[in-house]
Amino acid sequence: MTESRGNWQWLYRLGSPRWFYDISGRWLPWLSALTFFLLMTGLVWGLAFAPPDARQGNSFRIIYLHVPASFLALAGYYIMAVAGAAGLVWRVKMAFIIMKSAAPIGAVMTLIALFTGAIWGKPTWGAFWVWDARVTSMLILLFLYIGVLALQRAFHNGDVGYKASAILALVGTVNIPIIYKSVDWWYTLHQPATLKLTSAPSMHIDMLQPLLVMIGGFYVFYVLVLCLFARAEIVCQERSTVWVRRRLEGTP
Amino acid sequence: MGDIVQASVRVPNGFFAHAKHDLLLARRHLGDTLAPALFFVMACTLVPLGLSPDAQRLSEIASGILWIMILLATLLSVEKIFMLDYEDGSLEQLLIAPQMISIPILGKIFAHWLVIGLPLTLLSPLLGVMLSLPTVAFLPMILSLALGSAYLSLIGAVGAALTVSLGRGGLLLPLLVIPFYMPIVIFGTATVNAAVAGQFWLAPLAIIGAMLCGAMALCPLAVSATLRAMSNA
């Protein structure tokens, strides 16, 4: 049996919440250690040792949080949508659990990106909020996340809620490029006079290296939190099964 | 024999049958049908009261006001697209029918546009006059609203399908749908503003047309996938 569909065996196993719970339990210590190491290295390097920016001084250092969070805000939406599509097509329960877990993490990443952007905007642009194209797109992305979260919560029947929010996430995936392009167009149409800092010269290598470490650290952190959320969801859904009770009581 | 042939030709279509059915329902529930238009007129009246009756200031923002108010008026009505059919069980009948249900769904959305989008579009010149919209902008505004309101109905139908089994989706539906309405507001107001500024306004209108074509192809599929997912549970 393993010979005939050996290549796909891992996929079917990954679809089982119990298998995922056990394997991710083994990953957790490594993921936590790697997250801690990368984030600490990136933060100390970026905040203490990277040179200050010629024009913005030390206030530029918030990019070490802002840029990785923005990366994951958008990547997180696609992770959520792809997981939802996998759930709809192959009816894998685990894919829906990943989709549900990805939604709040992505929403918080978007919020972090907006919040750190506002803090950076005050000394640099002179205002906490500016209707800049990228800021506005991020705000709309937050609205898309809120829609998915609200829809998930509205259904009492878990399976229907999963399917509904997966479809909404897919509709969002089709629309994200349209929204981004339209907001870009809208922004260039209005042509505000200020905000020339976006065209600043590309980054010096001494500033870029800690940023890359932070981006890597955020990705590992994302995977770690996704695993934790998914494990909590699995335990919640399968709480009446024998294996969950055994795991929680600590007996093998 | 002739009847059977005729029936088998007509069944796969279903576009006009469902559009006619929904138009009849709209006539029977005349209060619900007229409410969005009345809302549109009243909400537009709030703007001069809240901002300023100054014709110069109003003419600058008239395009945005009309677009936003049409969007809100459509949102009010969009949850009704599937609600009555869901409540009396005819949606279930549609789902177990053998044919592709995208075409009947497109018919229902077309009926919604005829009942909501088209009357609002026809009302918009009246409100344009009241909001001192420059006369050059009337034709682009009517065209952009006619195409854009069809897009609003199509996207709104996806939201309505997602929330139909929740009963009174109420506040949830706008939360789902408004982010997807943002591009069309940008291009709709851009069409009108380009005409006011004396620029070439067919370009943003063409983008609205392209978005409408894309939505016409994809939204019925999303709606039918949603309705099937809801009914299988």
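In the text below, chain A, chain B and the rest are named by the order of the sequence lines, each starting its count at 1. Below, each value reflects all heavy atoms present in this structure, side chains not excepted, and no hydrogens, waters or symmetry copies.
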Atom CZ of Phe155(A) and atom CE of Met230(B): how far apart are they, to the nearest 0.5 Å? 4.0 Å
Quick one: what part of Thr189(B) sits under 4.5 Å from any heavy atom of chain A, side chain, backbone, both or neither? neither
Which atoms of Val174(A) come close to chain B, meaning under 4.5 Å heavy atom to heavy atom: side chain ones, backbone ones, both, or neither? side chain
Residue selection (most heavy-atom pairs with chain B, distance under 4.5 Å) from Leu88(A), Leu170(A), Thr136(A), Ile140(A): Ile140(A)
Can we call the ring centroids of Phe218(A) and Phe71(A) under 6.0 Å apart? no
Quick one: of Leu175(B), Ile178(B), Leu176(B), who has the most non-hydrogen atom pairs under 4.5 Å with chain A? Leu176(B)
Quick one: of Val171(A), Ile146(A), Leu151(A), who has the most non-hydrogen atom pairs under 4.5 Å with chain B? Leu151(A)
Begin with the C-alpha distance, continue with both residues' side-chain angles, and end with the deciding distance and a verdict on salt bridge (charged side-chain N to carboxylate O under 4.0 Å, His left out) for Glu238(A) and Arg247(A). CA-CA 12 Å; Glu238(A) 316 250 316; Arg247(A) 295 295 187 288; over 6 Å; no
In terms of heavy-atom pairs under 4.5 Å with chain A, which of Ile186(B), Leu218(B), Ile207(B), Ile184(B) leads? Ile186(B)
Proximity breakdown for Ile167(A) and chain B, heavy-atom pairs closer than 4.5 Å: side chain
Return yes if some donor-acceptor pair links the side-chain N/O of His29(B) with the main-chain N/O of Leu25(B) below 3.5 Å, else return no. yes
Quick one: sort the Trp131(A) and Trp186(A) rings into parallel, tilted or perpendicular, breaks at 30° and 60°. perpendicular
Let me confirm one number: the CG-CG distance from Leu141(A) to Leu111(A), rounded to the nearest 0.5 Å. 11.5 Å
